[in-house]
Amino acid sequence: MKMQETNSQDKVFEVEYKESDIEELKRLGVPNDELPKVGIKKYRRSRFITTPGESKIKITMWLDGDILQHFRNRAGTPNAAPYQTQINAELRAIMEKDLANNAPQQNNVEDITKNKEFVRAVAEQLKELLAA
């Protein structure tokens, strides 16, 4: 990728993508729908760098009517957050619970050897190897 030399005050900068650049991005795991096209692409500089958790993304989605009505009713009570904020908070709670439950467990040797299914599977494999 060849970036055009620009003054740091410029609001737009250009990047030239070649076929080899696209192949490298693919190798790094960039999804096909996010790959740039070969050629020169103009980008606007951003004043702020945000992470996905700090930015809001507008989407369109279908919700069951009773779910939407429930959150709208909750939002109608005094001092309540808007219904979209409440839905986002509930989704965040689910996401954080899932992330906590799926956190990789660091098994040490003692934990593994206490797992009866693991020990049984290893014993069966050893029997097969010794029988061969």
Side-chain angles (χ1 to χ4, degrees):
M1 284 173 278
K2 180 180 157 191
M3 282 185 47
Q4 174 186 339
E5 292 290 326
T6 60
N7 182 330
S8 63
Q9 300 298 319
D10 290 346
K11 292 184 179 183
V12 176
F13 65 97
E14 295 179 350
V15 177
E16 181 179 0
Y17 292 100
K18 298 179 182 172
E19 191 63 42
S20 59
D21 300 324
I22 306 302
E23 292 303 318
E24 177 67 15
L25 291 171
K26 284 181 185 177
R27 189 185 66 73
L28 293 171
V30 175
N32 287 338
D33 59 335
E34 294 180 15
L35 290 172
K37 292 185 174 29
V38 174
I40 296 174
K41 179 141 173 81
K42 293 183 180 184
Y43 292 95
R44 290 187 55 82
R45 292 194 187 276
S46 174
R47 289 182 25 186
F48 306 102
I49 298 175
T50 62
T51 62
E54 297 172 340
S55 59
K56 300 285 185 183
I57 300 171
K58 182 178 179 177
I59 64 163
T60 301
M61 65 184 292
W62 293 91
L63 299 175
D64 293 339
D66 57 340
I67 292 173
L68 182 59
Q69 193 57 48
H70 171 75
F71 282 98
R72 283 184 172 164
N73 290 342
R74 282 176 45 173
T77 60
N79 301 319
Y83 74 94
Q84 292 142 322
T85 302
Q86 291 183 36
I87 293 171
N88 193 64
E90 295 296 328
L91 292 171
R92 178 168 296 285
I94 293 167
M95 178 190 75
E96 289 173 352
K97 179 182 172 192
D98 287 351
L99 291 174
N101 290 340
N102 293 330
Q105 302 291 323
Q106 292 191 359
N107 292 328
N108 58 32
V109 173
E110 292 176 291
D111 292 338
I112 292 172
T113 56
K114 289 179 183 176
N115 183 329
K116 292 180 182 180
E117 290 180 29
F118 174 79
V119 173
R120 189 177 301 118
V122 170
E124 287 177 17
Q125 288 182 4
L126 286 173
K127 286 179 189 175
E128 291 175 14
L129 287 173
L130 293 174

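Side-chain atoms are counted along with the backbone in the values below, which use heavy atoms only and exclude waters and symmetry mates.
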Exercise for the section: Please list all pairs passing the side-chain hydrogen bond (donor to acceptor under 3.5 Å, both in side chains) test where one or both residues lie in residues 117-129, with sequence neighbours left out. Expected result: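 Checked against side-chain hydrogen bond (donor to acceptor under 3.5 Å, both in side chains) - neighbours excluded - no pair reaches residues 117-129.
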Completion exercise
Residues at least two apart in sequence or cross-chain that pass salt bridge (Lys or Arg N to Asp or Glu O under 4.0 Å) with Lys42, listed by chain then number, are Glu14
Handout entry: Partners passing side-chain contact (heavy atoms from CB on, under 4.5 Å) against Val122 (at least two apart in sequence or in another chain)
Key = Phe118, Leu126
Practice task
Indicate yes or no for a side-chain donor-acceptor contact from Asn101 to the backbone of Asp98 under 3.5 Å, with no hydrogens or angles considered.
Solution key: no
Handout entry: Hphob cluster co-occupancy, Tyr83 + Ile57, side-chain heavy atoms under 4.5 angstrom
Key =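 In one cluster with Tyr83: Ile57, yes.
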Practice task
Flag yes if Trp62 and Ile59 sit in one hydrophobic cluster, no otherwise; membership is Ile, Leu, Val, Met, Phe, Trp, Tyr, and two members link when side-chain heavy atoms are under 4.5 Å apart.
Solution key: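 No, Trp62 does not connect to Ile59 through the hydrophobic network.
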Problem - Residue pair Asp21 / Val15, side-chain heavy-atom distance below 4.5 Å - result: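 Side chain of Asp21 against side chain of Val15, heavy atoms only: no contact under 4.5 Å found.
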Exercise for the section: Could you list who else is in Met95's hydrophobic cluster, with ILVMFWY side chains joined at under 4.5 Å, directly or through other members? Expected result: Leu99
Exercise answer: donor-acceptor pairs, residues 69-76 side-chain atoms, under 3.5 Å, sequence neighbours excluded:
from  : atom 1 : to    : atom 2 : distance (Å)
Gln69 : NE2    : Asn73 : OD1    : 3.0
Asn73 : ND2    : Gln69 : O      : 3.3
Arg74 : NE     : Gln86 : OE1    : 2.7
Arg74 : NH2    : Gln86 : OE1    : 3.2

Atom pairs and distances, donor-acceptor, side-chain atoms in residues 27-41, under 3.5 Å, two or more places apart:
from  : atom 1 : to    : atom 2 : distance (Å)
Arg27 : NE     : Glu24 : OE1    : 3.3
Arg27 : NH2    : Glu24 : OE2    : 2.6

